[in-house]
Amino acid sequence: MDSELLDVQPLRTLAPMFPSSSVVETFSVPGGGPFIYVRPSGPNFLSPALPPPFPSFPTTPQQAPSIDNHHEPVAMSGHASASGRQVKGRMRVSGHKIGTSGTDTSSAGSSKVKQSRKQLQQRTRTHGIGPALVPSCQDPRESAEIVLMAFDALRRWLLQQEEAKEGKDGNRRPDLKAGNVLMTNGLRANMGKRMGPAPGVEIGDIFYFRIELCLVGLHAPTMGGIDYMTSRFGDGDDTVAVSVVSAGVYENEEGDADVLIYSGQGGNSYVDQKLEKGNLALERSLHRGVYVRVVRSAKDCSCPTGKIYIYDGLYKVEESWVVKGKTGYNVFKYKLLRKPEQPDGIATWKKIQKWKDNPGARGRIILPDLSSGIENLPVFLVNEVDDEKGPSHFEYVTKVKYPRPLSSHKPLECCRCPTACLPGDADCACVHANGGNLPYSSGGILVSRKPLIYECGASCSCSTNCRNRLTQKGTAIRFEVFKTTNKGWGLRSLDPIRAGTFICEYTGEIVEEVGLGNDDAEEDHYIFQAAGADDKALKWNYGPELLGEPSVDNSSESFGSLALRISAKKMGNVSRFMNHGCSPNVLWQRVLHDHSDEGYPHVMFFAIKHIPPMTELTYDYGLSGGDRSHMEKQCLCGSPKCRGRFG
DNA sequence: GAGGCATCAGCGTA
DNA sequence: CTACGCTGATGCCT
């Protein structure tokens, strides 16, 4: 059952997962930049003398994203690079609405800045926002990522609070509440509108809430589908569209991934749409030939809204016309054409859909199911890089193998909930064991990282549908083990993965602590060793702090090392193919569910952030101790924050 | 019982 | 200040 031998005979041995022959990566300080305390309500909060609160963006001319980075100029070439525009753009781009120096106020945007400061002061006072603990950073990608992580941490926390309440009064929209808190604290990326790409946001990035698009500067309106701004052109100012969100509600179906037919805004079943606001802006964009950011949506049953937003890059408005809607009133239509030679965005989704419908359509498949039917869903094994026919063989198991029976001197807490455990239930023993709340939200999302999670077990009276039985049910993700270009085999998903989603367990056999310098240990590249939690995993919990609430326990000690080593050399599951990353998208979490021995918790992986399909999954292998330096390997993760080595 | 429709609070921006 | 919108959650209706 668990143990079925994989019958892949590799042509050669497993390619080194961590080759040592390549360029030395630059070192960066482990743990990233310094932390800055921002005291929103203190007298110095708005003082320019303080270091700017996060995110702090590059402001040097060569680093500052230029406003005219969106063309390929067309007929009006050179229009958008008027110097006045650039200066204004950079001022806005600099990002610190709150902390910027006085020089900014001499520019055209001064009154706006002052106004928002005033608003901020008022709002923060009423909200009583406490110190925000945020790092400063230079990399726009990382800035956007931290903003989104902070948003989701706060959102999850608010949702948890909400779900624990008996009455359903209060804020039913934790997404808006969390977004508002971040906005008023200036915790956002790419503040100020711009044309062209949003630095730090890449094509294919996915979002689960409209407010997330606002936070990273992709699309400002919280509801509206068309965002626009007045920009200077060679022959004067003009108001052009900067981004559109295609939510699919107007049924813009179109087979071609490079074409988007977009309906205008306004009007309804009884009123014509007018050529104003967004509609007018799209019309002006057509005439100016400027690029417009496009966010498309895809159906996804795994999230409550059933919809995911995908950034699909730049498009140009090619054509516009008017049609009569169902009830006979005018609707504007715009044909947008995708800028050539951009990485795949929505096209990847369409490809994957084909593969799911017909696995035969997926080329270069070595095995249609690496797990031989043991996993809930088949695991593709593919190689699109070279001729290697697969990893060296191993036994595919979905459970951990223990060397000896575990001590169960202390029975695992068990609850007597009739059907399902509820977060606010003070009588639920499992709620109690987890520190007063359930670790997962109703949607099956990890709320915050904990030293140890107690899921409901066999002795609990609740049903298998209880939300506190998540990881024990196994993975629900369509995986693909694939050959990377330089790191041996890797793991990725065909499905989009929302932040906090359970990914899989690290299975294998428990190996007892071996003596240092043991040769066997050096050979085993498939050891999971619980080193201290990495920087990003620790930051994952920051949510309550943004509201001035006491933080959850984030000390490294409680997440620290564990005398637990799991080897997946001979047996394991997909997680044995997960490579190390210094900017990982996966974290691990200890979980107990089938026994009570805290020395041997299950190691469960969860998504740190939203992970688009076909993105390699990585977690931080951790820093090995100095005495294990011989086990360190050169890192090829390619992250700007790469530490260079890991152990 | 799934899915369509109406309703409503809520947000940043013009 | 107010109005607007390709939200998102909920409840009621087929």
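Below, read A as the first sequence line, B as the second, and so on, with proteins coming before strands; counting in each chain starts at 1.
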### Query
To the nearest angstrom, how far is N190(A) atom CG from dG12(B) atom C1'?
17 Å
### Message
If I take atom CG in residue N180(A) and atom P in nucleotide dC11(B), what distance separates them, rounded to the nearest angstrom?
### Response
5 Å
#### Entry: Note: K609(A)-E145(A) ion pair, threshold 4.0 Å (strictly below)
yes
### Query
Once you round it to whole Å, what is the distance between P of dG8(C) and CD1 of I308(A)?
12 Å
## Note on the structure
Of dC6(C), dA14(B), dG8(C), the nucleotide closest to the side chain of Y228(A) is dA14(B)
### Query
Taking only residues two or more places apart in sequence or in another chain, which ones pass side chain to side chain donor-acceptor pair (under 3.5 Å) with S463(A)?
none
### is_close_aromatic(Y208(A), H610(A)), centroid dist under 6.0 Å
yes
### Query
Does the gap between the ring centers of Y262(A) and Y334(A) come in under 6.0 Å?
no
### Query
Looking at DNA chain B, which of residues 204-223 of chain A put a heavy atom within less than 4.0 Å of it?
A220(A), T222(A), M223(A)
### Query
Below 4.0 angstrom from OP1 or OP2 of dC6(C), is there any side-chain N or O of Q265(A)?
yes
### Query
Can a side chain N or O of K307(A) be found less than 4.0 Å away from OP1 or OP2 on dT7(C)?
yes
### Query
How long is the line joining CG of L260(A) and C1' of dC6(C), in whole Å?
11 Å
### Task
Not counting sequence neighbours, which residues clear salt bridge (Lys or Arg N to Asp or Glu O under 4.0 Å) with E202(A)? List them please.
R141(A)
#### Entry: Nucleotide nearest L176(A) (side chain, heavy atoms from C-beta), chosen from dA14(B), dC6(C), dG10(B)
dG10(B)
### side chain to side chain donor-acceptor pair (under 3.5 Å) partner of D227(A), chosen from R293(A), H219(A), K193(A)
K193(A)
### Query
Ignoring hydrogens and angles, are the base of dT10(C) and the side chain of R172(A) linked by a donor-acceptor pair under 3.5 Å?
no
### Task
Could you check how far CD of E276(A) sits from P of dA3(C), rounded to whole Å?
15 Å
### Message
Of the listed nucleotides (dA9(C), dT13(B), dC4(C)), which one gets closest to any side-chain atom of K277(A)?
### Response
dC4(C)
### Summary
Between NZ of K177(A) and P of dG8(C) the distance, given in whole Å, is 19 Å
### Query
Expressed in angstrom and rounded to an integer, what is the separation of N268(A) atom CG from dC5(B) atom C1'?
15 Å
### Query
In chain order, what residues pass the salt bridge (Lys or Arg N to Asp or Glu O under 4.0 Å) check against R498(A), with sequence neighbours excluded?
none
### Task
Taking only Lys NZ, Arg NE, NH1 and NH2, and the carboxylate oxygens of Asp or Glu, determine whether R155(A) and D175(A) approach each other closer than 4.0 Å.
no
### Between P of dG12(B) and CG of L187(A), the distance in whole Å
14 Å
### Base-pair map of DNA chain B as dot-bracket, where | denotes pairing with a different strand and pairs are Watson-Crick or G-U under 3.5 Å
.||||||||.||||
### Query
Which part of the nucleic acid, if any, lies within reach of D175(A) when heavy atoms closer than 4.0 Å are counted: base, sugar-phosphate only, or nothing?
sugar-phosphate
### Closest non-hydrogen atom pair, A607(A) against W540(A)
O-CZ2, 3.7 Å
### Query
Taking only residues two or more places apart in sequence or in another chain, which ones pass side chain to side chain donor-acceptor pair (under 3.5 Å) with E319(A)?
none
### Query
What nucleotide, of dG5(C), dT7(C), dT13(B), holds the atom closest to the side chain of R188(A)?
dT13(B)
